[in-house]
Every structure is written in structure tokens, then in C-alpha cells.
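Just so we're on the same page: letters track the sequence lines, and every chain starts at 1.
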Number of protein chains: 2
Amino acid sequence: MHVFWKKGYESTTLCDLIEAMGLSKSSFYDTFGGKNELFIATLDWYSDTVVASFTGQLRSRSAALGSARAAITEAFDMVVEAAAGPGGRRGCFLGNCAVEVSSSDPAAAARIRAGIGATENAFHDAILTGQDQGDIAAGSDPRALARSLTSSLNGLRVMAKVNPEEARLRDIARLALSVLD
Amino acid sequence: MHVFWKKGYESTTLCDLIEAMGLSKSSFYDTFGGKNELFIATLDWYSDTVVASFTGQLRSRSAALGSARAAITEAFDMVVEAAAGPGGRRGCFLGNCAVEVSSSDPAAAARIRAGIGATENAFHDAILTGQDQGDIAAGSDPRALARSLTSSLNGLRVMAKVNPEEARLRDIARLALSVLD
DNA sequence: TTAATTATGGACTCATCGGTCCTGAATCAA
DNA sequence: TTGATTCAGGACCGATGAGTCCATAATTAA
């Protein structure tokens, strides 16, 4: 997954893959079936673990901080730091894949849609909580807010690819979160 | 450029290119030098014409409507319509390229950065005008607002790749513009 | 110890990639 | 009409892509 993440689908070769996994070519094909099958598997894995962990984190931090809004802010802070730090130019795995393959690989596109949808749902839940708690504007449609945050996160990651300067990214994150006011 | 736009850099072959241009292979190499040279040229061309036209449009519509904010809103509306319409899944040329090649092709990355920077500057100018006119919040840093809009536009295009449903995109655009309040 | 399973390395196929080169046809200026 | 230039077409190149196959080595179970 990390190889696909760093180099993109088309640019990763079988050789990259087996080298990263320390596997022989035969074992690779026995185990994963092929490059595309592995790719699909990494998308599934990403949704099942990374996105799921993000969802859980958002929920548990909402509880710990007593504020869903603070948890969302924290999540954006972490993304900003990761994007500004070394290796931050990798962007978002799902976002990268969405851009690169979603129009040419339907099976991958479905996974990407599901993963992004799950992210959106995580924000949605947090926003509902925040609206109950009173620090997120109750007048706004929570679904629209969730979509906005998800979109902002993707935009942020694209911007980080172009210029990973932390101050710029902070500006963007701050304004992205202002929709919650 | 349209071939690169639709298929991405890695996935476009020489054959795709010469077919789209109706050129022979020899003429192609005589004229453009090679695949990568052409790619760089398309990025330059995009900045010089498409981005420049966007900048001009934003300025002239600001004047025509007597409101920079209305011109910005109009620009987002157009992006939403284009992204939701047929062929909208192509995304943003610069955004796609940023995701795909900005970490592996420095020459391309420089062009992409310049193009995105020019877009940001276009927004910046419009925001200054709008703040003068009074329909854009004067308290906000115009540079930060411009970055936010640029980022939002990229996020919007990524979201459109995943799900080009117009209503969703409108939600996102509306909230992206709310930073101007 | 032996039999069965699993993993490995490397040779191999076939397609396609970007790119070069050369020949012959078309175009065009004088 | 002629001579120079431009263009098309296709043969060709080396490299590399994904994927197959098989013989052998390592592991495991009985």
C-alpha cells in the first residue's frame, strides 16, 4: 500500500512491490493474484483500518475532550502536520487514487467512493454530536458540513503536494473549519 | 493536453498523442521533442491561456457585476456545473498533475506550482476588490482567503471524481464560499 | 524418516513502452 | 521544372512492463 501511495498505481512496478514486501515473484502471484488484485486489496485494507481508525479516533477524542468540534480541529491539525512534515507530499491515499484511477478502474473507484463516504460519515457523526453540544452551528445541514470537511481535507492534501509549507496549510485548515461556526 | 488531462501522464502513450493530433511519429518528435517535453509544454500552455483566461474572467465579471463576490460565486458555479456535467470527472488539469507527477517531475511541479499560484493570485485580487466593495469580510486576511478558495476548488474537483452529483458539489461550493462572510 | 506442502529463484513469453532512423511522397519557393 | 524542405510511414531498437512456468529448496506433518 505504501508503495502505491508514494508512487501511484501506474508508476509502481511489480519489482517495486516484491522488493518492498521481500517476496519472490512466484510467491507474490500465489498470494495476491496480481498487481491489480493487490491494489484493490490495499484499498479495502485502507478503508478497513486507516479510515476505520480515523472514525474511531474522532469519536473517542470527541468523548475525551468533551467536544466534537475540538476533536475535528485536532484531526485537521494532525493532517496539517503530517502534510507539512517529511513525506507529507504523499497526499491522501484515497485522494491520490481517486484522481489517478477512479475513471479507469471501476472496482477501485467503488472502494475509493466507499472510503471517502466513510470519512464523510465520521465527520457527520461528529458534527451531530457537536451540534448537540452546542459548539457547532445548529442551523447548518450536518451532511453538507460533513461533505465540506471531507472536500477540504482533499483540497488541503492537493495543496500540500504543490507547496507543503505549514503556515499556508494552517490558513487553509483554519478557514475550512470556519464552516462550523 | 486533453489526452494528458483525461488519462493522466503515465497512462497516455505516444500512440494516444499522435492519434489525437493526427501527426506521424516522426513529425511528433521533430515538433515536440518527446513525451515529457510536450507534457511540460501543455502545462505552460495551460497556465498561459486557461489560467490567464480565468484570471481575466474573474476581473471582468467583477467589473460587470459590480461585485467581486458575485464573480467568485459565479466562477464556483461554473466549476460545479462543469464537474457535474458529462466529462466532469476529468477534474482539474493542474490538480490532477499535482497529484500524479509533482513529486517525481520537478520541471512539471514548478509549472503546476506557478499555475496554482496564479489562480490564487486571481482570487486574491478579487478578494481585495470585494473587501473594498464591502461584500467580503474585511477582517480576514485576503491571502488566506485566496488560498482557501484555491484549495476548495481542488477539493471540489477531487470530490467530483468520486461522486459527480451536482447537489453534493453545490453544498460543498456553497460552504467553501462562506469563508467570505 | 518420509511425504506433502509451501516458498524461492530464475528462465521465459509476449506485449508495449519511448525513441531513432531511413526512405519515399508531398509541398513549396525560385 | 527543379531543388530544397517538410512530412508521413514503417521498420527497427533496447528497455521494461506484467505474468507464467518449472525445478529446486525449505518447511512442516505424519
Whole angstroms only, please: what is the [atom1]-[atom2] distance between [X] and [N]?
X	N	atom1	atom2	value
A/Asp16	D/dG17	CG	C1'	11 Å
B/Glu19	D/dG10	CD	P	14 Å
A/Leu17	D/dA18	CG	P	8 Å
B/Ile18	D/dG9	CD1	P	9 Å
B/Tyr29	D/dC7	OH	P	17 Å
B/Lys25	D/dC13	NZ	C1'	10 Å

| Between which nucleotides of DNA chain C, 5' to 3', does chain A make heavy-atom contacts below 4.0 Å? |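 Result: C/dA7 to C/dG10.
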| said: Between A/Glu100 (side chain only) and A/Tyr9 (backbone N and O only), is there a donor and an acceptor less than 3.5 Å apart? | reply: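 Such a contact is found between A/Glu100 side chain and A/Tyr9 backbone.
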| request: Measure from the side-chain N and O atoms of B/Gln131 to the backbone N and O of B/Ala137, and report whether any donor-acceptor pair falls under 3.5 Å. | output: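 Pair found, side chain donor or acceptor close to backbone of B/Ala137.
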| query | Using a distance-only test with no angle check, is there a side-chain donor-acceptor pair under 3.5 angstrom linking B/His2 and B/Arg90? | reply |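 Indeed, the side chains of B/His2 and B/Arg90 share at least one donor-acceptor pair under 3.5 Å.
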| query | Have A/Arg143 and A/Asn121 got a donor and an acceptor in their side chains that come within less than 3.5 Å? | reply |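 Short answer, yes.
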| task | Kindly state which residues belonging to residues 7-15 of chain A come within less than 4.0 angstrom of DNA chain C, counting heavy atoms of the residue only, listed by number. | result |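 Of all residues in residues 7-15 of chain A, none places a heavy atom under 4.0 Å from DNA chain C.
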| message | Can you list, in residue-number order, the parts of residues 33-41 of chain B that come under 4.0 Å of DNA chain C, counting heavy atoms only? | response |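 Those residues whose heavy atoms fall under 4.0 Å from DNA chain C, taken from residues 33-41 of chain B in numerical order, are B/Gly34, B/Lys35.
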| request: Report yes if a side-chain nitrogen or oxygen of B/Ser24 is closer than 4.0 Å to either non-bridging phosphate oxygen (OP1 or OP2) of D/dA8; otherwise report no. | output: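 The answer is yes; a side-chain N or O of B/Ser24 sits under 4.0 Å from OP1 or OP2.
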I need the [X] [atom1] to [Y] [atom2] distance, nearest 0.5 Å.
X	Y	atom1	atom2	value
B/Ser11	B/Lys6	OG	NZ	12.0 Å
A/Leu153	A/Phe123	CG	CZ	5.0 Å
A/Leu17	A/Leu23	CG	CG	10.0 Å
A/Thr42	A/Tyr46	OG1	OH	10.5 Å
B/Arg157	B/Asn96	CZ	CG	9.0 Å

| field | Given D/dC22, D/dG19, D/dG9, the nucleotide with the shortest approach to the side chain of B/Ser26 | value |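 Taking heavy atoms from C-beta onward, the closest nucleotide is D/dG9.
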| task | For A/Leu169 and A/Leu156, work out which heavy atoms get closest and say how close. | result |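 Residues A/Leu169 and A/Leu156, closest heavy atoms: O-CD1, 3.6 Å.
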| query | B/Phe54 and B/Phe93: same hydrophobic cluster, using ILVMFWY side-chain contacts below 4.5 Å? | reply |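 They do not share one cluster, since no chain of ILVMFWY contacts under 4.5 Å joins B/Phe54 to B/Phe93.
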